[in-house]
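Structure provided below as structure tokens; questions to follow.
Note that the coordinates shown come from a computational prediction; the quantities given were computed from them, not determined experimentally.
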Amino acid sequence: GGDHQFNVLFPEDVVAVSAESGADVEIIGDFPLFGNTMTTANVTVGQLEFDFRSIADNTVEVGNIDVELARVQLKASGDTNKGSDEDILIQAINFEFDGPRDGDIGNVYLEFQGERISEILPFVRGNEGIIDLTKNENGGFILKKGDNKTVRVRGDILSGVGQTLRVRFDQIKSDVI
């Protein structure tokens with residue numbers, strides 16, 4: 001933090017050219033120019049941690065509806081185990097499936113405490129999909145400072161006999177928005 005002020009001390013500190021000709025223009029005014037003093041705060045940015053948790057039933061069959069595909073613990077953490085220094089708003093999660101082919105998995109959504117908290121993704125094309133959380137009342141899923149919440153990825157098994165399914169989030173910087 002600290003106090004900051006934007007100043008222009010001399011006309012030579014300003015570089016300007018004509019928009020039409022590109023020629024130098026004369027800088028005139030009452031120098032030095034002093035802007036308002038602004039104070040900034042010291043803030044430690046919060047962090048989002050996530051860990052996969054085991055699921056109760058790891059054997060599913062084609063035709064199973066509303067199956068728990070993954071369980072993820074989300075934690076708003078921060079500096080030296082004090083918890084996050086700010087609330088975290090999660091707007092979307094990009095997940096990847098290892099194993100299934102196009103259309104093997106459908107109606108995928110995110111659940112928290114038995115309630116659906118995301119849009120439903122009708123079909124997974126390729127091996128990835130984005131779970132959108134922006135339609136929630138707060139524009140996403142909020143983790144308050146220091147919160148530790150477990151969410152579930154749920155969906156239907158539409159096809160893919162004999163497939164092994166694994167859900168993963170590889171790149172926290174780009175997979176969680």
How far does CD1 of Ile88 sit from NZ of Lys144, to the nearest 0.5 angstrom?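 It comes to 12.0 Å.
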Over 12 non-hydrogen atoms of neighbours within 6.0 angstrom of CG in Asn36: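 At most 12 heavy atoms, drawn from other residues, nucleotides or ligands, come within 6.0 Å of this atom.
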Shortest non-hydrogen contact from Ile130 toward Ala92: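 Minimum heavy-atom contact is CG2-CB, 3.9 Å.
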Give the C-alpha distance, both sets of side-chain angles, the deciding distance and a yes or no for side-chain contact (heavy atoms from CB on, under 4.5 Å) between Val151 and Val72. CA-CA 5 Å; Val151 297; Val72 183; 4.2 Å; yes
I'd like to know whether Thr150 forms a side-chain contact (heavy atoms from CB on, under 4.5 Å) with Leu74, so could you lay out the CA-CA distance, the side-chain angles of the two residues, the decisive distance to 0.1 Å, and finally the verdict. CA-CA 6 Å; Thr150 300; Leu74 302 170; over 6 Å; no
Would you confirm whether Asp132, through its side chain, and Thr134, through its main-chain N or O, come within 3.5 Å as a donor-acceptor pair?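 Between the backbone of Thr134 and the side chain of Asp132 there is a qualifying donor-acceptor contact (under 3.5 Å).
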Determine whether the side chains of Asp66 and Tyr109 contain a donor N or O and an acceptor N or O closer than 3.5 Å.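 Side chains of Asp66 and Tyr109: pair found under 3.5 Å.
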Hey, could you give me the CZ/CG distance between Phe112 and Leu133, rounded to the nearest 0.5 Å?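 Going from CZ on Phe112 over to CG on Leu133, the span is 12.5 Å.
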Sidechain-backbone polar pair: Asp87 side chain, Lys145 backbone, donor-acceptor under 3.5 Å: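 Side chain of Asp87 to backbone of Lys145, a donor-acceptor pair under 3.5 Å: yes, one is there.
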same_hphob_cluster(Phe34, Val14) at 4.5 Å side-chain heavy-atom cutoff: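 No, it is not one cluster - the side chains of Phe34 and Val14 are not joined through contacts under 4.5 Å.
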May I ask you to say whether Glu119 pairs ionically with Lys135, meaning some side-chain N is under 4.0 Å from a carboxylate O?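 Between Lys135 and Glu119 there is no salt bridge, as every charged N stays at least 4.0 Å from the carboxylate O atoms.
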Exceeds 12 heavy-atom contacts within 6.0 angstrom, atom CG of Leu9: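 Yes, CG of Leu9 has more than 12 neighbouring heavy atoms, counting only those of other groups under 6.0 Å.
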Between Gln73 and Asn148, a side-chain donor and acceptor under 3.5 Å: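 Looking only at side-chain atoms, Asn148 and Gln73 do form a donor-acceptor pair, the distance falling under 3.5 Å.
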Working for side-chain contact (heavy atoms from CB on, under 4.5 Å), residues Phe6 and Met38: CA-CA 9 Å; Phe6 180 77; Met38 293 179 241; over 6 Å; no
Would a distance-only check, ignoring hydrogens and angles, find a side-chain to backbone donor-acceptor pair under 3.5 Å from Gln5 to Gly35?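 Here the side-chain-to-backbone pair exists.
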Dump the intermediate steps for side-chain contact (heavy atoms from CB on, under 4.5 Å) on Ile105 and Ile157, then the final yes or no. CA-CA 5 Å; Ile105 308 295; Ile157 309 299; 3.7 Å; yes
To the nearest 0.5 Å, how far apart are CG in Leu69 and CD in Glu111?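 CD of Glu111 is found 11.0 Å from CG of Leu69.
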For Thr37 and Asp3, which I'm curious about, is there any donor-acceptor pair between the side chains at under 3.5 Å?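 On atom types as modelled, these side chains do not qualify, holding no pair under 3.5 Å.
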Rounded to the nearest 0.5 Å, what's the gap from CD1 on Ile117 to CD1 on Ile142? Could you check?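 One finds 11.5 Å between CD1 of Ile117 and CD1 of Ile142.
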Distance in Å, Arg116 CZ paired with Asn136 CG, rounded so as to fall on 0.5 Å steps: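 Atom-to-atom, Arg116:CZ and Asn136:CG are 9.0 Å apart.
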State which residue, out of Ile65, Asn64, Ile120, Val62, fulfils the side chain to side chain contact (heavy atoms under 4.5 Å, CB included) condition with Asp156.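 The passing option is Ile65.
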